[in-house]
Each structure stands twice: as C-alpha cells, then as structure tokens.
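The sequence lines fix the lettering, A, B, ..., with proteins before strands; numbering per chain opens at 1. Not measured: the values here are computed from a predicted model.
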There are 2 protein chains.
Amino acid sequence: MHKYYTITELTREFGVSTRTLRFYEDEGLIHPERRGRTRLFKASDRRLIGEILRGRRLGFTIAEIREIIDIYKGPPGEIGQLELMMKRVAEKRDQLNQKRKDIEETLAELDNVDEACLARLAELRVGS
Amino acid sequence: MHKYYTITELTREFGVSTRTLRFYEDEGLIHPERRGRTRLFKASDRRLIGEILRGRRLGFTIAEIREIIDIYKGPPGEIGQLELMMKRVAEKRDQLNQKRKDIEETLAELDNVDEACLARLAELRVGS
DNA sequence: GATGACTTTTACGTAAAAGTCAATTTTTAG
DNA sequence: CTAAAAATTGACTTTTACGTAAAAGTCATC
C-alpha cells in the first residue's frame with residue numbers, strides 16, 4: 001500500500017538532478033520521509049514535485065512557487081485568512097492570465113513567420 | 001516623423017531599469033541609435049523591447065529570447081535556411097504549447113481552491 | 001566480505017540577469 | 001552661458017537556482 005519512490009526514480013521520471021530535489025527540500029517545498037538518512041518519497045511528494053516543476057516551466061521563482069504551494073495546502077479556518085487566500089488566488093490568476101496572453105501573442109507571431117517561410121519556399125520552388 | 005524615445009521614457013513605460021536596457025544592448029538584443037553617446041530609441045526598438053520583456057515574463061532565458069528575435073527577423077533567402085527556421089519555429093511552438101498546458105492546469109487548480117474557500121466561507125456564515 | 005549502485009552531508013563554485021555605485025559627460029531649461 | 005537634470009561607462013556586488021566534488025554511509029548481491 002505504501003509504495004515509496006527513491007530519489008533517483010524521481011530524478012529519472014522528471015529529468016532533474018538529485019541536487020535539485022534536495023534543494024527543494026532545503027527550501028521547504030517538499031518534506032519526504034526518512035528511513036535513517038535516506039529520503040523516501042510518497043505519491044503525494046511525487047505529485048508536489050510535478051507541480052513545482054510546472055511552476056518552474058512557467059518561469060516562476062522558488063518564492064512564487066512556494067506561494068502557489070501554500071495556496072494548494074487548502075483553505076484555513078478563519079475568515080480573515082480565507083479572504084487573504086482568495087486575494088492571493090486572484091493575484092496568481094492575474095499573473096497566469098498575463099502569461100497566457102503573452103503566449104497567444106507569441107504564437108500568433110510565430111504563425112506569421114511560418115506563413116512567410118512557406119510563401120518564400122513556394123516562390124523558390126516555382127523559380128523566382 | 002522620427003519620434004525618438006529616451007532611455008528613461010522607456011524604463012518608465014516598461015518598468016525596467018536603464019541597466020536592464022543597456023544589458024540588452026550589450027547582449028545584442030537591441031541596437032538603439034546614438035547621437036554622440038546618448039541612446040535614441042525608435043518605435044521599432046520600443047516594440048522589440050516589448051517582445052523581449054514578453055519573453056522574459058514567460059521565463060525564457062536571454063539566449064532563448066535571442067532565438068525568438070532572430071526568428072522574427074524574417075525569412076532568409078536560401079532553402080536550407082528556410083527549412084531550419086521552420087524547424088525552430090516548430091520547437092518554440094512546442095515550448096509555448098507546453099507552457100500553455102501548464103497554465104491551464106494551474107488555473108484549474110486555483111479554481112478548485114477558490115471554490116473550496118467560498119464553500120468554507122458559506123459554512124462559516126451559516127455558523128458551522 | 002567485497003563489489004557496485006545509490007545515497008547522504010558539507011561546502012565551495014558558477015552562470016544568468018540584473019542591481020548598485022562612482023565618476024564623468026551630455027543635454028536641457030532658464 | 002550656466003546650473004540642474006539626465007545619461008553614460010565601468011567596475012563591483014547580489015540573487016537565484018542549482019552544479020560539482022569530496023568523503024562517507026546503505027544495501028542488495030555474488
């Protein structure tokens with residue numbers, strides 16, 4: 001029932017180094033169990049690593065990724081805390097929407113380049 | 001007709017420092033004109049800076065941004081070059097699509113958190 | 001009990017992307 | 001023309017996110 005992953009299994013799966021995963025632990029992003037000194041990663045740790053790396057691909061810093069992870073930890077009990085959290089969620093959403101807009105624009109420009117290339121190729125084949 | 005921007009105009013508009021723009025020039029990403037030693041930025045430089053910062057927001061490195069800029073420079077003449085460029089465009093597109101997927105997933109999770117917060121708030125108001 | 005594959009900690013190193021500071025110009029307003 | 005404001009260069013520093021090397025512990029297997 002309790003299947004554990006070793007550190008190298010995860011480094012292979014995610015294409016990162018052991019140093020990277022230890023670094024994330026030092027930074028308090030993950031908390032694998034220990035058997036003696038050896039780290040034991042559970043399925044939940046594995047999921048979390050996936051989320052961290054997703055944030056990394058999006059260009060978030062460790063601090064920003066930490067914020068996202070804190071958000072995932074689920075809603076707290078107190079009203080003030082809840083409202084604070086919803087504000088944070090809204091901020092992250094804004095950042096992500098900005099990034100999405102950036103992506104759409106860049107993709108659109110790449111489409112133009114692509115078309116220009118195709119047009120030029122067509123010209124060349126006919127013999128300019 | 002030839003409206004020039006000063007460096008500080010652009011730093012204010014884009015929210016970056018002069019050092020940043022000088023850095024981009026050192027890196028060969030932009031090539032503002034000079035009157036004496038002073039940099040003069042044209043509309044095209046301004047557009048380019050916008051594109052650079054867009055790449056930066058997406059977490060691309062300077063090297064990757066340079067690649068994108070090179071792509072924008074327009075299609076070259078030779079067939080081999082054209083095909084190479086289309087390959088590069090395809091690669092960038094893949095990267096961007098991955099990022100977009102990452103964004104959608106993260107947004108979806110934030111939606112869940114948001115709903116959980118709202119639900120919890122509703123509970124609290126009724127009196128749990 | 002030796003081998004080999006993994007893993008650990010500690011600690012220094014490094015590349016990328018600016019920030020900061022100081023010492024000059026240069027430009028612009030009056 | 002001149003003082004203030006803006007811009008320049010160069011050198012040095014900082015932060016982030018790991019890389020890398022050393023030295024030693026762990027564990028399965030032959």
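The distance between atom CG of B:Leu21 and atom C1' of C:dA17, rounded to the nearest whole Å, is 13 Å. Nucleotide D:dT16 holds its P atom 11 Å from the CD atom of A:Glu64, rounded to whole Å. For A:Arg19 and D:dA21, the CZ to P distance is 14 Å, given to the nearest whole Å. As rounded to whole Å, 15 Å separates atom C1' of C:dG13 from atom CZ of A:Phe23. Taking atom CZ on B:Arg35 and atom P on C:dT25, their separation rounds to 19 Å, with Å as the unit. Regarding B:Glu25, its CD atom lies at a distance of 16 Å from the C1' atom of C:dA17, rounded to whole Å. Rounded to an integer number of Å, the gap from CD1 of A:Ile7 to C1' of D:dG25 is 15 Å. As rounded to whole Å, 13 Å separates atom P of C:dT28 from atom OH of B:Tyr4.
The 5' end of DNA chain C is approached more closely, in terms of each residue's nearest nucleotide, by B:Thr61 than by the other of B:Arg22 and B:Thr61.
Between B:Arg34 and C:dT25 there is no side-chain polar atom (N or O) within less than 4.0 angstrom of OP1 or OP2. Residue A:Arg12 places at least one side-chain N or O closer than 4.0 Å to OP1 or OP2 of C:dC6. Neither OP1 nor OP2 of C:dA18 sits under 4.0 Å from any side-chain N or O of B:Ser17. Dashed line: the shortest gap from a side-chain N or O of B:Thr38 to OP1 or OP2 of D:dT8 is not under 4.0 Å. Between A:Arg37 and the phosphate of C:dT9, there is no side-chain N or O to OP1/OP2 separation shorter than 4.0 Å. A close approach under 4.0 Å does occur between a side-chain nitrogen or oxygen of B:Thr8 and OP1 or OP2 of D:dA7. For B:Arg39, a side-chain nitrogen or oxygen approaches OP1 or OP2 of D:dT9 to under 4.0 Å. Contact between the side-chain N/O atoms of A:Tyr24 and the OP1/OP2 oxygens of D:dC18 is found at a separation under 4.0 Å. OP1 and OP2 of C:dA16 both lie 4.0 Å or more from every side-chain N or O belonging to B:Arg56. B:Thr20 has a side-chain polar atom (N or O) that falls below the 4.0 Å cut-off from OP1 or OP2 of C:dG19. Using a 4.0 Å cut-off, some side-chain N or O of A:Thr6 falls inside it from OP1 or OP2 of C:dT7.
Looking at every heavy atom in both residues, A:Leu29 comes nearest to A:Leu48 through O-CD2, 3.3 Å. Considering all non-hydrogen atoms of both residues, B:Leu110 and A:Arg93 come closest at CD1-N, 4.0 Å.
Under the 4.0 Å criterion applied to side-chain N and carboxylate O atoms, B:Arg57 and A:Asp102 are assigned as salt-bridge partners. B:Glu67 has no carboxylate O lying under 4.0 Å from a charged side-chain N of B:Arg88, or vice versa, which leaves the two without a salt bridge.
Because its NZ or CZ atom is not both nearer than 6.0 Å to the ring centre of B:Phe41 and within 45° of the ring axis, B:Lys3 does not count as a cation-pi partner of that residue.
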